[in-house]
Amino acid sequence: MNEFDVIVVGAGAAGLMCAARAGQRGRKVLVIDHARKPAEKIRISGGGRCNFTNIGTGPGNFLSENPHFAKSALARYTPADFIALVERYGIAWHEKTLGQLFCDGSARQIIDMLLDECTAGGVEVRLETAVSEIEHVGERFRLSVGGRAVIAHSLVLATGGKSIPKMGATGFAYDVAARFGIRVMEPRPGLVPFTLDPGLQAELKPLSGIGVPVEMTCSAGRFREAMLFTHRGLSGPAVLQTSSYWSPGEEVAVRIRPDIALAEVLTAAKRKNGRQGAAGVLANHLPKRLAQYFVEQAGLNGPLADVSDKALGRLAASVQDWRFKPAGTEGYRTAEVTLGGIDTAALSSRTMEARSLPGLYFIGECVDVTGWLGGYNFQWAWASGVAAGDAA
Ligand code: FDA
């Protein structure tokens, strides 16, 4: 009874998808998870509505040491394939913005759908169960599961990354990789708010709660989305996206209101009515408190007529070429994903199988493929899960 064709460790997005596919191919599949409930990250994702894919998904939306690795799996299981599955289950969805698809109802519908797919494949799911030992004996894997030996031809690691340890996230897949001599690219938190040094934090504290459209640039990352000042630092989609490209010590450039040329706006306003102040003009384009902050920083509280065009240019640059060095990030406590992970060079891009150990697979977030914010990470979980589920 304790012999299986496939054991999947991790009943999250990738693990359930993989198990369902393998089960529906007629494989005898066991899924093990140490959590009380399956797929808790799906449940809390997208504010409870699960941003389950992005219709614009392409390899360019992912970070990886090898940007080509994800191509094969993503091409073979596309957003359209997942949408077809969702529609087969009658789950209503909508596009929110930038190709991001969400459930109209609840993320729970996606979890139920995956569990139903597992049931259709005769998959056994054991929750609140720990794996304590893994050995490769002959051509099979022998695991100690809840104190009992379980054997399988294929072992799939789908335990995700280290983000949000409070929800049971662990570095288990990395440990298993290391145990079998497979390289792990340094894991680090991604899609995570920035923290600031105490001086800048105190200075920006009065702006807490303000959101503005920005273009944020750091290293190879450039994103036009919203930035949010918080009581802990900076957050919002632009910040989360940029954080995945950021390395400690690097500077981040911010163009607030990238859709307008503020220098021209200010000089035109001066010509039109020199008695008005810069803060009033900026406040037509920025939240009032933010406009006031930049004008005070520049010391330009008087009427525009008294301010040189050069000084107005400097004021505009302080808003549209604002640069800061994050002190750090909020870390795994709030990070939506974990960057790095199992070295893709060790895996087949078609099947996710380890090149050095046939029968061992790694899928989902534990692999060194990390998506942008916006449904890409789930699409990778589905696609890599299908790749392994069709092969294991
Ligand atoms: P996932 O983390 O889903 O599953 C891993 C499973 O393994 C868990 O069930 C865990 O309990 C189990 N596990 C871990 N260690 C174990 C061990 N030692 N033994 C046994 N079991 C173990 N992405 C997206 O595309 N759209 C979105 O809307 C969101 N929203 C979002 C919100 C928040 C708050 C977070 C934290 C993350 C997101 N994400 C997201 C990211 C997305 O949730 C993530 O990329 C996927 O869930 C990864 O799927 P995996 O199956 O790889 O891991």
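Ligands are counted one by one from 1 in listed order, and the atoms in each one are counted from 1 as well.
Taking the six-membered ring where tryptophan is involved, the planes of Trp372 and Tyr376 are perpendicular, since the angle between them exceeds 60° and thus also 30°. Ring geometry for Trp322 against Phe229 counts as tilted: the plane angle lies between 30° and 60°, on a 0 to 90° scale. Using bins of under 30°, 30° to 60° and over 60° for the plane-to-plane angle, the ring pair Tyr245/Phe223 lands in the tilted bin. Using cut-offs of 30° and 60° on the angle between ring planes, the pair Trp382 and Phe82 is parallel.
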Please tabulate, one line per pair, the protein nitrogen or oxygen atoms found under 3.5 angstrom from a nitrogen or oxygen of ligand 1, with distances to 0.1 Å, or say none if there are no such pairs.
residue  : atom   : partner : partner atom : Å
ligand 1 : 9 (O)  : Asp33   : OD2          : 2.5
ligand 1 : 11 (O) : Asp33   : OD1          : 2.7
ligand 1 : 11 (O) : Asp33   : OD2          : 3.4
ligand 1 : 15 (N) : Thr170  : OG1          : 2.6
ligand 1 : 18 (N) : Thr170  : OG1          : 3.4
ligand 1 : 21 (N) : His34   : N            : 3.3
ligand 1 : 25 (O) : Asn377  : N            : 3.4
ligand 1 : 25 (O) : Phe378  : N            : 2.8
ligand 1 : 26 (N) : Asn51   : O            : 2.9
ligand 1 : 28 (O) : Gly46   : N            : 3.2
ligand 1 : 28 (O) : Asn51   : N            : 3.2
ligand 1 : 45 (O) : Glu365  : OE1          : 2.8
ligand 1 : 51 (O) : Ala13   : N            : 3.1
ligand 1 : 51 (O) : Ala14   : N            : 2.8
ligand 1 : 52 (O) : Glu365  : N            : 2.8

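Looking at Glu87 and Trp93, their side chains do bring a donor and an acceptor atom within 3.5 Å of each other.
Applying the salt bridge (Lys or Arg N to Asp or Glu O under 4.0 Å) test to pairs two or more places apart or on separate chains, none has a residue in residues 8-19.
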